Each structure stands twice: as C-alpha cells, then as structure tokens.
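Working notes for the structure below.
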Amino acid sequence: MTPPQSSAQPAGRPTPALDVRLLGPLELWADGTPVPLPGGKPRALLAAMLISRNRVVPADSLADAIWDGDVPASFLATMQVHVSALRRALRPLSDPGLLTVITQSPGYRVVVDEALVDLGRFGRWARAGNDLLAAHRYAEAADRLRAALAEWTGPALADLRGFRFADDFAAAVEEERLVALQARIEADLASGLASAVIGELVTLTGQYPLREPFWIQLITALYRSDRQADALDAARRIRELLGDELGIDPSPALRELERKVLRQEIPASAAPAPAPSMQRTVAETAVVLSRARVRLPSGETMPVPGRGLRLGRMEDNDLVVAGEKVSRYHAVIAETVNGFTVTDLRSTNGTHVNDERVLDSHLLRDGDRIRIGGTELVFGVDPLA
C-alpha cells in the first residue's frame, strides 16, 4: 500500500527556496519572489518572533514589543487575530514546512532553518571568519567575513523603525556588523593589504568619528603604506576630536600606537588582535526576558527586558532618569553576542561605567556601576538556575 502524502509536502509540488531577511527591511522571498506580508502590528509580531526564532517567546513579551509597553487589557485576543493573519499570509511557506508559527505555552514560536535567515547566515560566517582569524589564516578569514557582511541590505528592520524593540535590536545588531567589519579589516591588514583599506577606513572614521578601533586601523594602514606623516596626522586628529567632543584622552592602545609610529616601531605586518567571540548572535535573546537587572538608588531592582532597557529623561523610556545632565534618550542596556552592554545614545554629558566614560558601548559585568547624570545604577546578572 502506498503511504499517504504528508500534508507538509504535497505531491508534485517542489519546495520553494526561502530567504528570510532581517538585516534590512523585513522581507520573505520564495523562489526569488517577495512573499506579501501584512503591515502594522502583525508585521511587527512576525519580526519579534523571527528575532527569537526557534524559541518560545512569551505572549506578554511579544505584546510588550508590538504595543511598545502600552499593552491593552485584551491583548491576548487581539494577538490571536494578528497570529491568524500571519498564518494566512505564510501558508505557502508553512505547508512545505519552511516557516511555521506554532502556538506553544507560554506564547508562540517561529520554526525556520537558521540557514534560511540572513541573520543566522551572518552569525555563521562571522564565527567562521573569527575562528580563521585566530588561526592566522587571514585570507580565508577575510573571505568568510566578507560573506557575513554581504548578508546586509540596509539597517536592520528598517521598515519597522519606531517600534522600540526594532530600534533596540537594530542598534545591537549594528554593533555586531561593525565588529565583523573591524575583524575583516584586521584580516586584510594582516594579509598585507594596507593600501587597499585606507580609502575604506577614511570613510569609516568619518562615519564613526569616535570609534577608536577604526582610527587605530587607519593609522596602522597609513604607516604600513609608507605614509608616516599621514599616520601621525590621523593620530593628532583623533586626539583632538576626543578632547573637543568628549573631553577625554585617547585610549592607552591609541597612545601606544602613536608612540610606535613616532619611533617607527610598527612592523610591516603583524597578527591582529583577537576578534571578539561570535558564539551566538544578539538575535537569540533580543525578545525573551533576560536575567539582567539594575539596582536603583532606592534599593529596588528593575529587570532588563530582552528587547533592552532604555534610559533617559523622556517619559517613554523604560527607566526615566531625572536631572539636567540627562539627555532625552540617554543610553540603552541590551544583550549582545559577548554579554550585556550599555550603549551611549550620543548623550550630551555621557554615560559612565565605574567612573570611566563610555565611548560607544561598554561590556558590563556583575556589580558594575552605571552613572547617568547624577544617578548611579548597579548592574547585576542573576545566576543560571
């Protein structure tokens, strides 16, 4: 007797090729054709579930994401309507089992192969590139890291800006893109391609003027291209920029590099600094509740939501911090591949960790003191159960 055909794979119908894109506008492509998706909250709901794909996301966490913390009392019934709309739109993909929305207590789970998601591929290529970089296989490392960066088509979830979970996710995963870009340039420098990356680094230092690693790479590339005067000029410019903008001195690494340029002590090529670990992507925990918390001056503690904790003077922040030296949107604490970080949101008076000013992002450790204006918070991480 011939067994019946599985409903997951109808007879005579080939499985469509699927590409799920989060690193740019939210898009689903099947066989090279865009899959029509509903807009508004159903679209935001799909994005929130895809960020934590293949994991159960509690319904209240999803509600907090798509209603930006202003969750209606009847959110469960409304969310079921949104989920039904999504399932109808995704039926061409769920029938062959490519992408399915499953109801699973205490919420929902999107099931999709990591290889079909641009963010999953980005993480895989980036991890491979960093492993090769650590093994001093520089040309291969650069190739893998280029493949990782090629997954990006624009700012993450660009069409969902305005949803705080999407904005926080985009900021966190943009940091991972920059880390991968720095690693790729390190691999090129170690491969002897100093002259080839100068133009790119000039652009990057213009786009991210306070990000010291790009300046360190530019100074190194200029020096190795027999442009010592230009290298010293770049060191002078970042020193002045840090002093004028932040009132701080360059980092010890940047000061040491300038000293070596002056003394002509930089070798023609050198092994790059170890790249950050890429064992998991920020996407895995961007929506589900995290184990992190901050202790307020009152002694109360506040959990850090999986989508991140925004701090600032405006009332739509997760934690409103009063004070003349506090910016409207001052900083955000979120989980990234390397752990929990605090990112300064270009505040006027800066964010400080253990009395040191944060330039872009700072990796937090249990017990770190975070100062915003005149308010000090203490970061903590609960031990795993």
Side-chain angles (χ1 to χ4, degrees), residues 22 48 51-53 55 57-58 61 64-65 69 119 122-123 126-127 130 156-157 164-180 182-183 211 213 274-297 299-312 317-321 326-327 329-347 350-373 375-385:
L22 302 174
I51 287 173
S52 293
R53 61 204 172 278
R55 299 178 60 175
V57 185
S61 294
D64 187 60
L119 187 59
F122 167 75
R127 286 191 296 271
N130 283 322
L157 298 182
R164 284 188 298 172
F165 86 91
D167 292 345
D168 292 344
F169 169 76
V173 79
E174 170 67 5
E175 178 66 21
E176 304 311 321
R177 185 187 74 85
L178 293 175
V179 168
Q182 289 168 202
R211 196 175 185 92
S277 170
M278 296 285 287
Q279 293 306 305
R280 56 193 174 88
T281 67
V282 65
E284 293 178 342
T285 49
V287 172
V288 295
L289 295 177
S290 72
R291 299 178 293 112
R293 50 186 162 69
V294 292
R295 189 172 72 242
L296 311 182
E300 298 176 281
T301 61
M302 183 173 185
V304 177
R307 59 176 171 77
L309 180 73
R310 281 185 171 250
L311 307 99
N317 286 286
D318 300 302
L319 179 58
V320 178
V321 182
V326 179
S327 296
Y329 302 101
H330 199 107
V332 60
I333 299 172
E335 189 172 10
T336 68
V337 287
N338 299 311
F340 290 93
T341 62
V342 59
T343 300
D344 185 78
L345 300 177
R346 297 185 179 273
S347 66
T351 302
H352 295 76
V353 176
N354 300 329
D355 298 324
E356 294 289 332
R357 183 156 182 166
V358 174
L359 295 183
D360 284 307
S361 295
H362 181 90
L363 184 65
L364 293 170
R365 293 176 173 79
D366 189 55
D368 277 350
R369 295 176 289 108
I370 304 169
R371 180 164 54 83
I372 293 176
T375 299
E376 185 170 282
L377 310 169
V378 179
F379 175 81
V381 181
D382 296 327
L384 290 169

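What you see is a predicted model; the values in this text were computed from it and never measured.
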Going by side-chain contact (heavy atoms from CB on, under 4.5 Å), name the residues that satisfy it together with [X], two or more places apart in sequence or in a different chain.
X: E376; value: R369
X: A170; value: A156, R161
X: S347; value: S327, H330, D344, T351

Apply side chain to side chain donor-acceptor pair (under 3.5 Å) to [X] and list each qualifying residue two or more places apart in sequence or on a separate chain.
X: S361; value: T343
X: R211; value: E175, Q182
X: E356; value: none
X: D368; value: N354

Is any side-chain heavy atom of [X] less than 4.5 Å from a side-chain heavy atom of [Y]?
X: L377; Y: L311; result: yes
X: D360; Y: L178; result: no
X: V294; Y: L309; result: yes

Straight-line distance of [X] [atom1] to [Y] [atom2], nearest 0.5 Å:
X: L119; Y: F169; atom1: CG; atom2: CZ; result: 5.0 Å
X: T341; Y: I333; atom1: OG1; atom2: CD1; result: 9.0 Å
X: I372; Y: L319; atom1: CD1; atom2: CG; result: 7.5 Å

Next item on the list: Begin with the C-alpha distance, continue with both residues' side-chain angles, and end with the deciding distance and a verdict on side-chain contact (heavy atoms from CB on, under 4.5 Å) for I370 and L364.
Entry: CA-CA 9 Å; I370 304 169; L364 293 170; 4.0 Å; yes
Minimum-distance pair of heavy atoms, taken over all atoms of [X] and [Y]:
X: V342; Y: A331; answer: CG2-CB, 4.2 Å
X: S52; Y: V57; answer: CB-CG2, 3.6 Å
X: R310; Y: D318; answer: N-OD2, 2.7 Å
X: T375; Y: P297; answer: CG2-CG, 3.9 Å

Note to self: Could you work out, with salt bridge (Lys or Arg N to Asp or Glu O under 4.0 Å) as the rule, every residue matching R371, not counting sequence neighbours?
What the structure shows: none
Item checked: Set of salt bridge (Lys or Arg N to Asp or Glu O under 4.0 Å) partners for R365, sequence neighbours left out -> none
Note to self: Tell me every residue that passes ring pair (Phe, Tyr, Trp, His ring centres under 6.0 Å) with F379, counting only those two or more places apart in sequence or in another chain.
What the structure shows: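 By the ring pair (Phe, Tyr, Trp, His ring centres under 6.0 Å) rule, F379 matches F340.
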